[in-house]
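The shown structure was predicted, so the numbers you read here are calculated from the model rather than taken from an experiment.
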Amino acid sequence: MKAHITTYGCSANQASSEIMIASVRDLGYELVDEKDAEVVVINTCTVKYTTEQKILHKIEDLGAKGIDLVVTGCMPQVQLETILERNPDAHILGVNSIAKIGQVLRSIENSRNGGSRERVELISSEPEGFLKTAHSRFNPNIHICQISQGCDYSCAYCIVTIARGKLRSFDADSIVEDIRMAVDEGCREIWLTSQDNGQYGTDRDVLLPELLRRIVAIPGDFKVRVGMMNPFSVTPILDELIDAFKSDKIYKIVHLPIQSASDSVLKKMNRYHSIEETNAIISRLKDAFPNLTLFTDIIVGFPGESDEDFNMTLEWVKTMKPDKVNISRYTPRPLTKALEYRNLDTRIVVERSHKLHKLCDAIKLDSKKKMIGWKGEVFISMDAKVKGVMARTASYKPVVLPEGSVSPGTSCDVEIYDTTAGYFLGRVLV
């Protein structure tokens with residue numbers, strides 16, 4: 001049987017797909033392009049309305065073509081009826097049940113071979129099969145390790161908490177062993193992912209800083225990228241987190257979503273932090289790591305956001321100069337508190353989005369130009385999408401080097417001589 005897996009959304013979804021692809025391969029099924037597949041697995045994301053609609057169209061289209069379909073990821077957890085309205089024959093694999101992909105495929109194969117045709121629906125309340133298992137990695141040099149599932153907070157706009165449930169931190173020893181196995185397999189970059197890494201261990205006895213200390217103690221030459229952490233989850237562990245980040249194995253990059261710089265909007269979003277508290281975190285981190293790379297997320301046009309609120313966000317961006325801003329236009333999501341709120345005029349949201357994009361692009365370009373002439377050590381991460389290899393500075397800034405000059409998993413000294421919109425261009429120093 002010929003199978004294809006399509007992935008939408010976050011790095012946690014990407015890790016799940018890597019596990020499912022390895023499982024499908026090891027069961028002896030043939031992995032092919034979607035156009036050649038007899039069964040398609042869609043690993044879904046429902047954070048944004050536009051992504052949801054794209055996925056629903058694909059679900060309906062595959063059904064119309066008579067192609068067997070398995071839907072997994074976040075959507076089945078919160079939009080099961082909508083999925084089955086578009087494709088009543090779709091098989092369902094819950095977000096916690098990726099380890100059971102083989103069970104679903106065997107049922108489909110049986111029906112294709114003349115057995116009874118039954119729609120399979122496997123949804124578990126507890127996550128299983130995420131650690132110490134085979135991965136078919138999108139990049140052989142990068143291992144994505146999911147350290148927890150779910151979130152203990154309830155931001156008014158967020159459907160992911162509803163889809164993935166309350167926080168369940170994975171066992172620290174199992175995480176360390178999972179990463180040790182990946183390093184032994186040749187991975188030289190480790191991505192820690194979850195819905196909020198800062199919450200890790202608050203339901204257990206090992207918090208994120210201690211987990212990081214255990215990870216960097218693993219023998220080998222590798223780097224760790226710590227994924228998104230919310231300000232309200234960082235505050236209680238900030239001192240210990242800064243201490244853990246001092247390891248040379250940890251990239252000095254922090255993804256800290258503010259969503260808005262207006263406290264009134266943050267309150268309506270149910271964000272559990274003020275912009276002053278967020279600024280204090282950033283200030284402490286930059287004092288400790290002057291070359292820190294800062295990523296953030298901002299939602300534009302949240303219900304009730306006034307011109308004054310939006311201008312506060314613009315001023316925050318001008319002052320803090322984040323290296324990257326993920327900008328989302330607010331769209332209401334099913335089952336969330338914000339669904340009850342009155343939405344802003346779409347034209348206002350679009351105008352504000354364009355204005356913020358323009359500002360962020362100008363700040364990013366100015367920041368990149370200041371890096372031209374920089375000399376220092378980089379870690380070779382992977383082959384670049386363009387010709388050459390992708391290297392990272394200690395603060396995770398991307399530098400593309402000439403093909404054949406160095407190999408992934410090694411370090412070298414470089415000079416940055418130019419920049420593009422997405423990355424720097426460098427030459428190896430001898």
Checklist line | Residue pair Ser262, Ser260: steps toward the side-chain hydrogen bond (donor to acceptor under 3.5 Å, both in side chains) verdict | finding: CA-CA 5 Å; Ser262 163; Ser260 172; 4.7 Å; no
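- For the pair Pro76/Val95, no side-chain contact is recorded, criterion being any heavy-atom separation below 4.5 Å from C-beta on.
- Listed for the Thr278 side chain is no donor-acceptor partner under 3.5 Å among the backbone atoms of Ile258.
- At distances below 3.5 Å, not a single donor-acceptor pair connects side-chain atoms of Ser174 with backbone N or O atoms of Phe170.
- Looking only at side-chain heavy atoms (C-beta outward), Ile298 and Ser328 stay at 4.5 Å or farther from each other.
- You'll find the side chain of Lys321 stays beyond 4.5 Å of the side chain of Ser367, heavy atoms only.
- Just one residue in the list Val224, Val216, Ile190 forms a side-chain contact (heavy atoms from CB on, under 4.5 Å) with Ile179, and that residue is Ile190.
- Listed by first and then second residue, the salt bridge (Lys or Arg N to Asp or Glu O under 4.0 Å) pairs that reach into residues 268-287 are Asp239-Arg284, sequence neighbours excluded.
- Using a 4.5 Å heavy-atom threshold, the side chains of Phe232 and Asp196 count as touching.
- Residue pairs that meet the salt bridge (Lys or Arg N to Asp or Glu O under 4.0 Å) test with at least one member in residues 52-62, sequence neighbours left out, are Glu34-Lys58, Glu52-Arg333, Glu60-Arg86, Asp61-Lys65.
- Side-chain atoms of Asn230 and Ser233, non-hydrogen and from C-beta on, do get closer than 4.5 Å to each other.
- If you check the side chains of Ser274 and Asp263, you find no donor sitting under 3.5 Å from an acceptor.
- Residue pairs meeting the side chain to side chain donor-acceptor pair (under 3.5 Å) criterion with at least one partner in residues 87-96, sequence neighbours excluded, are Asn96-Gln149.
- Using the six-membered ring where Trp is involved, Phe245 and Phe289 have ring planes that are tilted, between 30° and 60° apart.
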Note to self: Between Leu167 and Ser148, does the side chain to side chain contact (heavy atoms under 4.5 Å, CB included) criterion hold? Intermediate values first, please.
What the structure shows: CA-CA 7 Å; Leu167 175 70; Ser148 68; 3.7 Å; yes
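- By the 6.0 Å contact criterion, CZ on Phe138 is enclosed, its count of non-hydrogen atoms from other residues, nucleotides or ligands being greater than 12.
- One distance of note links OG of Ser97 with CD of Glu126; it measures 10.5 Å at 0.5 Å rounding.
- Annotation: side chain to side chain contact (heavy atoms under 4.5 Å, CB included) contacts of Met1 (sequence neighbours excluded): Tyr29, Glu38, Val39, Leu105, Ile108, Glu109, Arg112.
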Next item on the list: Tell me, with the steps shown, if Trp191 and His143 meet side chain to side chain contact (heavy atoms under 4.5 Å, CB included).
Entry: CA-CA 6 Å; Trp191 294 2; His143 178 65; over 6 Å; no
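- In this structure the side chain of Cys151 never reaches within 4.5 angstrom of the side chain of Val160, judged on heavy atoms.
- Counting only N and O atoms by type, the side chains of Asn13 and Ser16 include no donor and acceptor under 3.5 Å apart.
- Glu189 and Ser381 share a donor-acceptor pair across their side chains, judged by distance under 3.5 Å alone.
- Counting heavy atoms from C-beta on, the side chains of Leu131 and Cys145 come closer than 4.5 Å.
- Looking at Asp36 and His4, their side chains never bring a donor and an acceptor atom within 3.5 Å of each other.
- Residue pairs meeting the salt bridge (Lys or Arg N to Asp or Glu O under 4.0 Å) criterion with at least one member in residues 389-409, sequence neighbours excluded, are Asp323-Lys397.
- A 4.5 Å side-chain heavy-atom check between Leu285 and Leu238 finds at least one atom pair inside the cut-off.
- Among residue pairs with one or both ends in residues 208-231, those qualifying as salt bridge (Lys or Arg N to Asp or Glu O under 4.0 Å) are Asp173-Arg214, Glu210-Arg213, Glu210-Arg214, Arg213-Asp243; sequence neighbours excluded.
- A donor and an acceptor atom, one from each side chain of Asn43 and Thr7, are nowhere located under 3.5 Å apart.
- The CG atom of Leu192 sits 6.5 Å away from atom CG of Leu211, with the distance rounded to the nearest 0.5 Å.
- Here the two rings, on Tyr330 and Tyr157, have centers that are 6.0 Å apart or farther.
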